[in-house]
Each structure stands twice: as structure tokens, then as C-alpha cells.
Amino acid sequence: MDWLNAIVQGTLLGGLYVLFAAGLSLIFGVMRLVNIAHGDLIVLGAYLGLTVTTTVGLHPLAALVIVVPAMGLIGYALQRGLLNQTLGDDLLPPLLVTFGLSVILQNGLLELYTADPQKMDAGALETASVTVGGLTLGVLPLLTFGFAVAVIWGLQWTFYRTGLGRAFRAVSDNQDIAQLMGLNRRHIFGLAMALALAVTAIAGILLGIRTSFDPSIGGGRLIFGFEAVIIGGLGNLWGTLAGGVILGVAQTLGAKIDPGWQILSGHLAFLIILAIRPNGLFPRIAA
Amino acid sequence: MPDPILQMRGLTAHYGDFQALYGIDMHVDPGEVLAIIGANGAGKTTLMRSVTGLLRNGANQIRYRGQDISRLRADQVARRGLAMVPEGRQLFPSLSVKENLMIGAQVGRKGPWDLGAVYRLFPILDERKDQQSISLSGGQQQMVAIGRALMSNPDLLLFDEISLGLAPIVIKDIYAALPGIIKDGMSAIIVEQDIAQALKVSGRVYCLQEGRVSLEGASDKVTREEISRAYFGIA
Ligand SMILES: Nc1ncnc2c1ncn2[C@@H]1O[C@H](COP(=O)(O)OP(=O)(O)OP(=O)(O)O)[C@@H](O)[C@H]1O
Ligand SMILES: [Mg+2]
């Protein structure tokens, strides 16, 4: 029962990692951009949520209505104003520029909000739980997992059932020919980043309800997101869901053996999977 | 004579330090089918890429319907009614046949071409519409590429080596479909290695040689000697 509990809790924890990873997976799939600042953008989402909850007095979940579109706009502006200029045959410029962006975001947040750990107050939601078949499950982790599945399903639906998704796939396949068909890749990339950061806003707010945060924690979230994406296989959204869950389960199982092993066992699982399957479990894009 | 729909003046093109086109002067009249022939590496594809906005051009080198389009992006050029069937077909592999066709309609130009019209032209595509585009035979892929370009209801359609890599019987089918494609006042440029085929379908012909126009004339007037001289540079 203890082990089952650890697996179930790990699965729910994985939901958060899926939300960290979904935006990364999306923008890598559309424009082969590796965004080093992704973790800091998650933290930015958490701080925006904090500001909205404290100034407007909204519940953190209600703050999503403001923070999600705000992050979407930031994403579009960021892509058109900065990141589009770095894209090309060379992979290095986007890495350097997003690394720079990461540093700027961290320092900007430090100036604005100080280094003191902050947390969002979600009231009763934080401690509420339900008992299912002898297992006690937190409502917040359940909700997070529900968000994760809904986000992946929604992105998958967008990709394969809408004109926007068709444009994403066309531009990803062949930028020149897509442009020839009237799709301006700069705009399409902007929309992809907007969507990615909208998801990042959800990740940031759920993170900020679950644990305390400060401007320096972005790097760690980036690593978890990366690991989930790579375990699942590049360019495969359902794979990203599986990757997040595997990472979460590996962490809780490690913690079960020894609490100090939680993070380490996640990284170990990642390395083992990478050693056996260098392209991840369910790759769609050849590396 | 009406004004040309497309006019190039002193068109140049470069790939880094390498110059691929040296001052091309060329025009297409409304409703005309123009053929461009030339050996491998003569610059035919480069010319197509320049016209469609995939390569950066100098100002005032290309005019379309009297307006300078040389500095426009490819999507802006497409919106004005210029479409291309690119060399090597270049379908979107992760899109189905139908989705490839629908992408062509993205520019939102009205006209006779829609999914139904393309399926009537190439009924096999209707049967295969939900398949991945790259699972089709070469000839069927070429039909998708042509259909995709038609879906934008272009006024000027560029074909870059549509017979490349196809079996003779398939080439015959594709060319048999051409009169049904180039109609209603549409103009076309056909880039083709098969000189006889090119001369048969076109009114006028240009030959390119190492980035320059080496011959220009009416397709039924140019002689075999003129062509081989223009083609191979045997002076
Ligand atoms: N991307 C590129 N980078 C550098 N040089 C190029 C590039 N594309 C073409 N070239 C060069 O430009 C010249 C013209 O090439 P282009 O593809 O336009 O010829 P083409 O007439 O279409 O030939 P083909 O009949 O083989 O298709 C060639 O010398 C070619 O090597
Ligand atoms: Mg060519």
C-alpha cells in the first residue's frame, strides 16, 4: 500500500512537471527553439499571479483569467521583438539570447520582489484532500494533474484539429514553403510562444500555490521540464505527459527509500532512460 | 500589347559570395505560358525563388501588375496572386493530403479553385485525402503540389520541373492535365529540362545559361541549333 501510495502521489506530482514541460515541448516542436529562460518565465507567471491576488484580491485560480492572457501577450511580444531575430541554421544564438533573458528575468524579479520567499494563499484548497480506496489524495495535486491532462489534450487538439495547428505543423516541416503558402513564420512563431507562455502561466500559479518561490528557482523548474520532454520524446505531446509522470514517480519512489534521494532519483531515471533510448520513449522528431 | 503581368529588370541573385543571376530581363504577358529552359545549375530555380520572395532581391528588380514586389516577403507575394509548384514537390510531411491542399488556401484568395475543384481535376487525391502526403507515389505527390498551389487561386503560377523524377507515363498524365489548370486568363511559367515538352506547352521560351538569358523567342520559331547553342554555350 505504501508503494502504491508513492506511485499515485508521484503521478500527481508529475502533473506539475508536465505543466513545466508542455510549453518547452510546444516551442521546440514548432521552431526548434530551446528556451533556457523557460523556468524563469514559470517563476514570472507565479509572481504575476502573486501580484494579481494581492492587489485585486482574487483567489489564485481566479487570477488565471488575468495571468494566462497576460503571459500570452508577453510571449507574442518576446518572440516578435527578440527571439525571431535569433532563429536560423545556427542553434547557438537562441541559446545565448534565452540564457541572457534568464539572467535578466531573475535580476528583474529580484529588484521588484526581493529575494524573500513568497507564496500564494489558496485558502482551504491547499489542505483539502479526498480518500480514494484507502489512499489520501490532495485536492490541489489532483487539480494540477487534471490541468496537465487538459493542457496536453488541448494542445494536441489544437495541433491536429485546427487551422492554427495545421499552420504550426506546416511551418515546422518547411519554413520556406509555408511562407510561400501565405503563412508568415514570424507571426506563427509568435502565436506558438504565446500559447507556450499561456501554459507557463498555469504552471507558475499552480507552483506558487503548492510551494514557496523566489526569483532564483527557475533553473530547477527548467531542468524538470527538460527531463520530462526528453523522457517522453521530442515533439510528442502525449510523450511529454508520460515523461512528467515518470519523473514524478521516480522522485517519490526515491524519496520513499530515503527522503534525501527525491531529486537525485528523478535525475537517475532520466539518465537511465536516455542511455537506453537516446531519443526518449516516444520520439516524433528525429534528433 | 497589354502591360506584362510580371516584369524583371536587371534581376540579380546571390548565395553568400556566389552570384547565381546576372541581370535577368524577362517578362510574362497576361494569359501567357512561358517556358524557361537551361542546363543544371543555370539558375532556373534561383529565378523562381527570387520572384516568389524566398530570396532577397534588390529594389525595383521585379514588378508584378505594375507594382514593385522585389522587397516583399514570400507570404505577401503569395497574397497578390503568385503561386509556385516547387522543385522536388516539397509537400508538408506531417500534413495529410487534404491538409496540404488546405494550407494552399491560406492566402484567402477567391476564385474557381477549392477542394472540390482540385478533387475533380485529380480524383485520386479525393480517395487518398486522409493519407500522409509522403505515402503517395511521386506522381500523386506532384498532383498534391499542383493542387496546393491552385488552392490559392493564383493569377500567375510557377512550375519548377514538375516532371523531375517521374515516370514518362506519369509525366504525360500531368501535362495532359495542364490545359485544365492554366485557364481563365491565368499565366504560367514552366521550368522544364525536357525541351520538347517545354516548347510544346508554351508560347514563348527563355533559355538561361550560367545566370544569364542566352535565348529568347517564340516557342514555335526557335531552332534546334539556336537552342543547343544557348543551352550548352557552344558559340
Ligand atoms: N542554397 C544555395 N547555396 C549556394 N549556392 C546555390 C544554392 N542553391 C543553388 N546554388 C547555386 O546556384 C546556381 C544556380 O542553381 P539553381 O538551383 O538555380 O539552378 P537550376 O537551373 O534550377 O538547376 P537544376 O536544373 O539542377 O534544378 C548553381 O550553381 C547552384 O550550385
Ligand atoms: Mg532547379
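Keep in mind it's a predicted model, so treat the numbers as computed, not measured. All chains are named by letter (A, B, ...) in the order of the sequence lines, taking the proteins before the strands, and each is independently numbered beginning at 1.
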Stepwise side chain to side chain contact (heavy atoms under 4.5 Å, CB included) test for A:D176 and B:Q90:
CA-CA 10 Å; A:D176 272 357; B:Q90 307 209 43; over 6 Å; no
Determine, stepwise, if the pair B:D75 / A:H187 fulfils side chain to side chain contact (heavy atoms under 4.5 Å, CB included).
CA-CA 11 Å; B:D75 58 309; A:H187 175 62; over 6 Å; no
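With rounding to the nearest 0.5 Å, the separation of CE in B:M151 from CE in A:M181 is 11.0 Å. Considering CG of B:L54 and CD1 of A:I177, their distance stands at 6.5 Å, rounded to 0.5 Å. Expressed to the nearest 0.5 Å, how far CD of A:Q179 lies from CZ of B:R73 amounts to 6.0 Å. Atoms CD1 and CG, from B:I103 and A:L183 in turn, are 5.0 Å apart once rounded to the nearest 0.5 Å.
Heavy atoms only, all atoms of each residue included: A:N174 and B:F92 are closest at O-CE2, 3.8 Å. Contact detail for B:A78 and A:G182: the closest heavy-atom pair is CB-N, 4.1 Å.
With sequence neighbours left out, A:R169 forms a salt bridge (charged side-chain N to carboxylate O under 4.0 Å, His left out) with B:E99.
For B:S94, the parts sitting under 4.5 Å from any heavy atom of chain A are the backbone and the side chain alike. With a 4.5 angstrom heavy-atom cutoff, B:L95 touches chain A via backbone and side-chain atoms both. Contacts of B:P93 with chain A are made by both backbone and side-chain atoms, with heavy-atom separations under 4.5 Å.
Atom CD of B:E210 has 12 or fewer heavy atoms from other residues, nucleotides or ligands within 6.0 Å. Taking a 6.0 Å sphere around OH of B:Y22, one finds it holds more than 12 heavy atoms contributed by other residues, nucleotides or ligands.
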